[in-house]
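To keep things clear, I will list the structure first and then write my remarks on it.
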Amino acid sequence: MSNQSSVEIQTEWDIVAARQLGRNVAKELGFGTVDQARITTAISELARNIYLYAGHGKIEIQRLTNNGMKGIMIIAADNGPGISDVRKVMEDGFSTSGGLGAGLPGVKRLMDEFKIDTTQGEGTDIRATKWLR
Amino acid sequence: MSNQSSVEIQTEWDIVAARQLGRNVAKELGFGTVDQARITTAISELARNIYLYAGHGKIEIQRLTNNGMKGIMIIAADNGPGISDVRKVMEDGFSTSGGLGAGLPGVKRLMDEFKIDTTQGEGTDIRATKWLR
Amino acid sequence: MVQKIDSQYKEILRQYMQRQSEQNLYDGQNFSRQLIAENTSPEEVISMHKAAMQEMYEDLPDVVWHSFDLLIEMMISYGLALQERESLLQRQEELRVEMDLAANVQETLLKTTTPSLEGLDIGLLSIPARKMNGDYVYFVSDQEGHAGIAVADVIGKGLPAALCMSMVKFGMDSLNNSRARPKDVLDVINRVVEKSIDDSMFVSMFYGSYNAGEATMTYGSAGHEPAILYRAKSETFSELNSKGLLLGVSPAAKYEEHTVHLEQGDLLIMMTDGVTEGRNEEGFIEREVIFELIHQMKDEPAQVIVRHVYDELVRMQNAELSDDFTLVIYKKV
Amino acid sequence: MVQKIDSQYKEILRQYMQRQSEQNLYDGQNFSRQLIAENTSPEEVISMHKAAMQEMYEDLPDVVWHSFDLLIEMMISYGLALQERESLLQRQEELRVEMDLAANVQETLLKTTTPSLEGLDIGLLSIPARKMNGDYVYFVSDQEGHAGIAVADVIGKGLPAALCMSMVKFGMDSLNNSRARPKDVLDVINRVVEKSIDDSMFVSMFYGSYNAGEATMTYGSAGHEPAILYRAKSETFSELNSKGLLLGVSPAAKYEEHTVHLEQGDLLIMMTDGVTEGRNEEGFIEREVIFELIHQMKDEPAQVIVRHVYDELVRMQNAELSDDFTLVIYKKV
Ligand SMILES: [Mn+2]
Ligand SMILES: [Mn+2]
Ligand SMILES: [Mn+2]
Ligand SMILES: [Mn+2]
């Protein structure tokens, strides 16, 4: 079962809107303050990536249910240039030292599951999930 | 000009006494809460090293004045076995990953100046200084 | 500077206290990144927070201020860990530079030229999992349409593997014979490896000797991933097995050799286990999946097929290579 | 587990609130170390702190609780930095293991056997400054008293240098001639190096061909530290200069060769610049200091002299080698 809602990312204000949406859903699902902050940070990173590198795209928030477990999935999708070297952007210190914040390795650490699908010239689709414990 | 006082280290209680002495001196000299905590942590580490590896020794706290600058110097002296590989104990991750706490690299980071003098079979003398800014 | 940070933080805190809005939290988090970039330690953050609170709410009971003091003490160790990260990052950067240079040296040292052979289209891709490649492809050829190919894989990765490879290369160089028979080549290299490397280091190697005039490939294997033959006529894939111990195990090892004849459109697929032992979330990627990838592209040039297989396998593995990847395709045209 | 940590922290906080003693702070700090060891992030510490405060002082105004919420948000980035440190530490450990293994492989790969020659006592020591040795000594000899020695130094250290060395070794192996003339050897190796390595990599090399029957050494140099001749009769030291470009600079480079005859008690001292360019607090260590160290021990076996020079130079440099150290002494007996 899933239930979704989304925010278009085009300006920096939209990043805040996506965070707000994610935080509301996380709170409703019963995540604690720390996990809410982590989920929100992950959304922030993904939305910023769209804003900075793809220009525009979408953040979707899905509520997940799986064998009685509840969770939240963030889907960040854009039709931007894609990531040419995924292994590189997943390296520690690559993005953080550039001052870009937590970067994709940070998103992976903040969440339980992380999947990236990117094609050059076509865009990027990132899915990150966190389960309620 | 210097002014000193010291604590013999033989039991774990003495570590706390050395910390207390260091914190009092640091406070009197005008160090803020954060620097007090750092100086105390450095003392803690050095006293623990004596307690764990040399058995007993001494922590001295000196008040320093140099060209109108005020500072505090911690002297940790023991007649223990000495350190056989100084380069190794000064390496990051060597002591911390063993769960021994900040280790000597930590002391070096917490203070402004750090000097170590060790002879195998004769003992170790470590001096760490922090200046008031 | 510190003054400026303090007042910036106070402003963020003041706004958050008024509204508790998402925008305020976003501002706070962006500010915290800036603090990390400037090496502000977490104990300083707590101290700044306490000072700002004292200014704004001086009448709060003492327990609040004491509670911040304990937090400052708790954060000292976290601050040290953060500084350690800084120096580890720096050290990692130094190593990265050294590794890059070494990888360049290795590349120049081990470079080989893909031969031009009548009626044969060759595709080749060799990608290291980490900086240094522990897989190796070596060609030797002459003007009369004879070409030897060695595809080798050191058991082990990274640096030690790279060093071993230079030995295999010089062994091949000293042979310098494009018509050499696979069993003889494997024999010689086995003795070189056995003599000069560590007992715990082994090398697997496929050797193929191609004769363009007859369109035949004679091959042998030292414990290497079997080559695959795709027959265009029947549209089937089959393994080209050949017995033989890994190089370096025993000086007495003996190697077999076999010959196949290629027909138009046939593909001879040579590789290392990095191609076949990829893993995705459900376990190993089935060999049939790889066959299917090749089959889809069978009418394209060999280099396109090779690239397609690599791209798709990397995608299936979530962009993570767990082993060096080497794939060579000979396409009979 | 989490429950237990929470209640431990609550106890520490409660005690601190009562007494604010140094013992309480010490306990808090020890506890924070344990938290780091268990990968507890700083945002969790703040959250735990907030929860404990709420339990103990439920009547505090809302601003206090809000203030902790902002701190939690501020700490998220710090928590990520901490996790990054964890993975960097792990990566560093992996690299250390890899480097150790590579150094072993290099040692096995480059091993050489000191020859036994009538009337000659040979001492040899080669110590890397870091894990991998960028200096290299190679011997080739036969049963008739002819022996060649190459002493080489890659410009550069560490990994890339080590990889280059394997090339020099295989170049020498392929020559495999104990009577080869120094100018020819330098010529061949120059072309090998020029062809196969990076434009920015150069190798300096001394090559000496010893004839035991005549007690003569014929030598040449490719931009290498000059060898030193100690004459027992006059008790004097002199440099054995020989012109020639570094290996790898130009394929057209030409090399000289010269011959000296050794008398009883004479020492022929070959080395890399790691021996002569040691530094202490006052600057470079003078060549005369090294001559004096050798002179003191001139009546001892060659290996004793070599060891003595090394030990003393290391002591003078405060136990830090800034370059790879290689010293070979031929003593005519
Ligand atoms: Mn391998
Ligand atoms: Mn492999
Ligand atoms: Mn060197
Ligand atoms: Mn050198």
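This one's a predicted model, so the numbers in the text were calculated from it and none came from an experiment. Protein chains get the first letters and strands the later ones, always in sequence-line order, with residue 1 at the start of each. Values below: all heavy atoms of this structure, side chains included; hydrogens, waters and symmetry mates excluded.
The candidate from C:Ser32, C:Ser166, C:Gly79 with the greatest count of non-hydrogen atom pairs under 4.5 Å with chain D is C:Ser32. No other option in D:Gly28, D:Pro61, D:Ala81 has as many heavy-atom pairs under 4.5 Å with chain C as D:Ala81. Of all the listed residues (D:Asp173, D:Asn30, D:Leu35), the one sharing the greatest number of non-hydrogen pairs under 4.5 Å with chain C is D:Leu35. For the set C:Ser67, C:Ser77, C:Gly171, the count of heavy-atom pairs under 4.5 angstrom toward chain D peaks at C:Ser67.
Heavy-atom proximity under 4.5 angstrom to chain D picks out C:Ile12, C:Leu13, C:Tyr16, C:Met17, C:Gln20 from residues 11-21 of chain C.
In this structure, D:Ile46 and C:Ile46 have side chains that are in contact, with non-hydrogen atoms separated by less than 4.5 Å. A heavy-atom distance below 4.5 Å is not found between the side chains of C:Gln29 and D:Met74. Within the 4.5 Å cutoff, side-chain heavy atoms of D:Glu84 are placed close to those of C:Leu89.
D:Met56 does not touch chain C: none of its heavy atoms, backbone or side chain, sits under 4.5 Å away. Contacts between C:Thr40 and chain D at a heavy-atom distance below 4.5 Å involve backbone atoms as well as side-chain atoms. For C:Ile36, the parts lying near chain D are the backbone and the side chain together; criterion is any non-hydrogen pair under 4.5 Å. Only the side chain of C:His49 comes within less than 4.5 Å of a heavy atom in chain D; its backbone stays farther off. Only the side chain of D:Met53 comes within less than 4.5 Å of a heavy atom in chain C; its backbone stays farther off.
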Applying side chain to side chain contact (heavy atoms under 4.5 Å, CB included), run through C:Leu71 and D:Val45 and close with a yes or a no.
CA-CA 8 Å; C:Leu71 267 185; D:Val45 175; 4.1 Å; yes
From CA spacing to verdict: side chain to side chain contact (heavy atoms under 4.5 Å, CB included), C:Leu70, D:Asn24:
CA-CA 9 Å; C:Leu70 182 62; D:Asn24 303 142; 6.0 Å; no
If you apply the rule side chain to side chain contact (heavy atoms under 4.5 Å, CB included), what do you find for D:Tyr78 with C:Met75, and how did you get there?
CA-CA 11 Å; D:Tyr78 282 91; C:Met75 284 298 137; over 6 Å; no
Carefully, step by step, assess C:Leu88 and D:Arg85 under the rule side chain to side chain contact (heavy atoms under 4.5 Å, CB included).
CA-CA 7 Å; C:Leu88 285 167; D:Arg85 162 180 168 273; 4.2 Å; yes
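By the 6.0 Å contact criterion, CD on C:Glu93 is enclosed, its count of non-hydrogen atoms from other residues, nucleotides or ligands being greater than 12. Within a 6.0 Å radius of CD in C:Glu94, more than 12 heavy atoms belonging to other residues, nucleotides or ligands are found.
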